[in-house]
Protein chains: 2
Amino acid sequence: MEPPIPCSDCPLRPLAAFKPVGPTALAAISGAKVGQRLCTSGATILAEDQATTRVYVLLSGWAFRFKTLEDGRRQILNFLLPGDLLGLQGELLANLPHGVEALTAVNLCAFATDAIPGFFRDNPDIALDITWLAAHEERLVDDAVLTVGRRTAMERVAALLVHLYKRAASAGLVEDGSIGFPLTQLHIADALGLSVVHTNRVLQRLRKGGFIRLDGQRLAIGDLRAMRRVGRYWEEPAPRRPLL
Amino acid sequence: MEPPIPCSDCPLRPLAAFKPVGPTALAAISGAKVGQRLCTSGATILAEDQATTRVYVLLSGWAFRFKTLEDGRRQILNFLLPGDLLGLQGELLANLPHGVEALTAVNLCAFATDAIPGFFRDNPDIALDITWLAAHEERLVDDAVLTVGRRTAMERVAALLVHLYKRAASAGLVEDGSIGFPLTQLHIADALGLSVVHTNRVLQRLRKGGFIRLDGQRLAIGDLRAMRRVGRYWEEPAPRRPLL
DNA sequence: CGTTGATTTGAGTAAGATCAAGTCGGGTGG
DNA sequence: CCACCCGACTTGATCTTACTCAAATCAACG
């Protein structure tokens, strides 16, 4: 339970993955911030189909967005890593069309939802950044549709692992060739439209083929090139992204 | 090949589905418009992975966004109907991560991509509308992930047909209980992650069950309630949406 | 008529789901 | 310390959904 971090000391901003921000924009962001929020692993950050009063930036930890069918079938839409914005759809659309759940303990930077129209009025650069982030997230979901709709189970798992590894890497989370990996096999299954059992078997094939090391809570990818080939997954190099 | 329609006479704006727009915003939009573009059915409106110079609003006709794997497997991400914005991701991200193809003859209203930053600078209401449209499209794609990942083939087809029927309806395209329906079974299959053959059989089941009438180019849904039940598909009532 | 695109039908198959146990490791309480 | 519980992971057996391949039909069109 650390004290709130001032935006000027944000641990994320120095990372190469993020676009530098000017002093006026930083002041505007800092001024709109209304606090921080901590969630424990497994907590519901935002409930499905609910009106929201906050928009958050993920400071640390992992989370995911999901939707469920009334009979309980769950689909994970995408994963959220440090720097990601969440809850924007709740502000723009009437209410949030999906839920958000924490995968690990999570530290969130909170903004009042009415800060958004404020940014658009007074700070076009930030407004454009917000729209950029929205477009970027849509790109991720577009990829998810392609993966779930047209890739084989093996391709899906490989593509997801590469994708998450690279994102974790650009958030500075690699330690001696591996990342902390908080997903259970059920999460992988729910993200990829597979059953847990089948997911388990595919993971074993990847392990036995020497493509990955995945024990307990850490993931290492031996040969990234090979994994990309298995997953038929080539994403363009990540551009420097804005950080709210 | 009609002459360009001035924004003030836009045939879409009077529809109840669209949010009214003030005179200054209308003037700004009108001023940014650089022309119209006609495409024939089947034409590529925007190519995959390409830098773009234009953003379009679909004035009339149907189109779809898609991605392909290098071996030819194609996934349709969502369908575009009159009033939809396309090409925004090409402006914000470096280049367009998906292709856009016309399903019917299509009439597009063109804006130079650099009109977007201009809107953000000078016209916060329009900027917010653009972001709203982006968030709304993401919602559609989120739904697509849920459909493809967790619904059965029967549910997928039923949900898609209801979805498209309702959207066509709100674009004013219903004529005596049916809509013009330009998708082939291959399009349906590619949108839903199914094979054409299986799609065909599911459609036949829906027809024989009396749920739909789908002959050649027209779709009618007998009992919408029943179809929603089959598809496990309940969307929230469509809000009035902005039109660029 | 011949061609072409869309749809339909049949037969065989494979990918992945379901069901049912069983293992393993890390708490927790007695 | 040990029994036990619980969640995550594994494994095997069986089954089903939806895919593949192949071919026929059908309508529109030049």
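We name chains A, B, ... by the order of the sequence lines, and we start the count at 1 in each one.
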TODO: Indicate for each nucleotide in nucleotides 7-25 of chain D, in 5' to 3' sequence, whether protein heavy atoms under 4.0 Å reach the base (B), only the sugar-phosphate (S), or nothing (-).
DONE: --SBBBB----BSBB----

- [ ] Before giving the answer on side chain to side chain contact (heavy atoms under 4.5 Å, CB included), spell out for A:Arg228 and A:Glu235 the whole-Å C-alpha distance, their side-chain angles and the decisive distance to 0.1 Å.
- [x] CA-CA 9 Å; A:Arg228 287 193 185 281; A:Glu235 87 249 276; 2.8 Å; yes

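- Atom CD1 in B:Ile188 sits roughly 13 Å away from atom P in C:dA6 (whole-Å rounding).
- No side-chain donor-acceptor contact under 3.5 Å links A:Glu48 to the backbone of A:Pro97.
- Side-chain contact between A:Leu183 and A:Leu164 is present, with heavy atoms from C-beta onward closer than 4.5 Å.
- For NZ of A:Lys166, the number of neighbouring non-hydrogen atoms (other residues, nucleotides, ligands) closer than 6.0 Å is 12 at most.
- Atom pair A:Leu192:CG and C:dA17:P shows a separation of 10 Å (rounding to whole Å applied).
- The closest donor-acceptor contact from the side chain of A:Asp84 to the backbone of A:Leu86 lies at 3.5 Å or more, if one exists at all.
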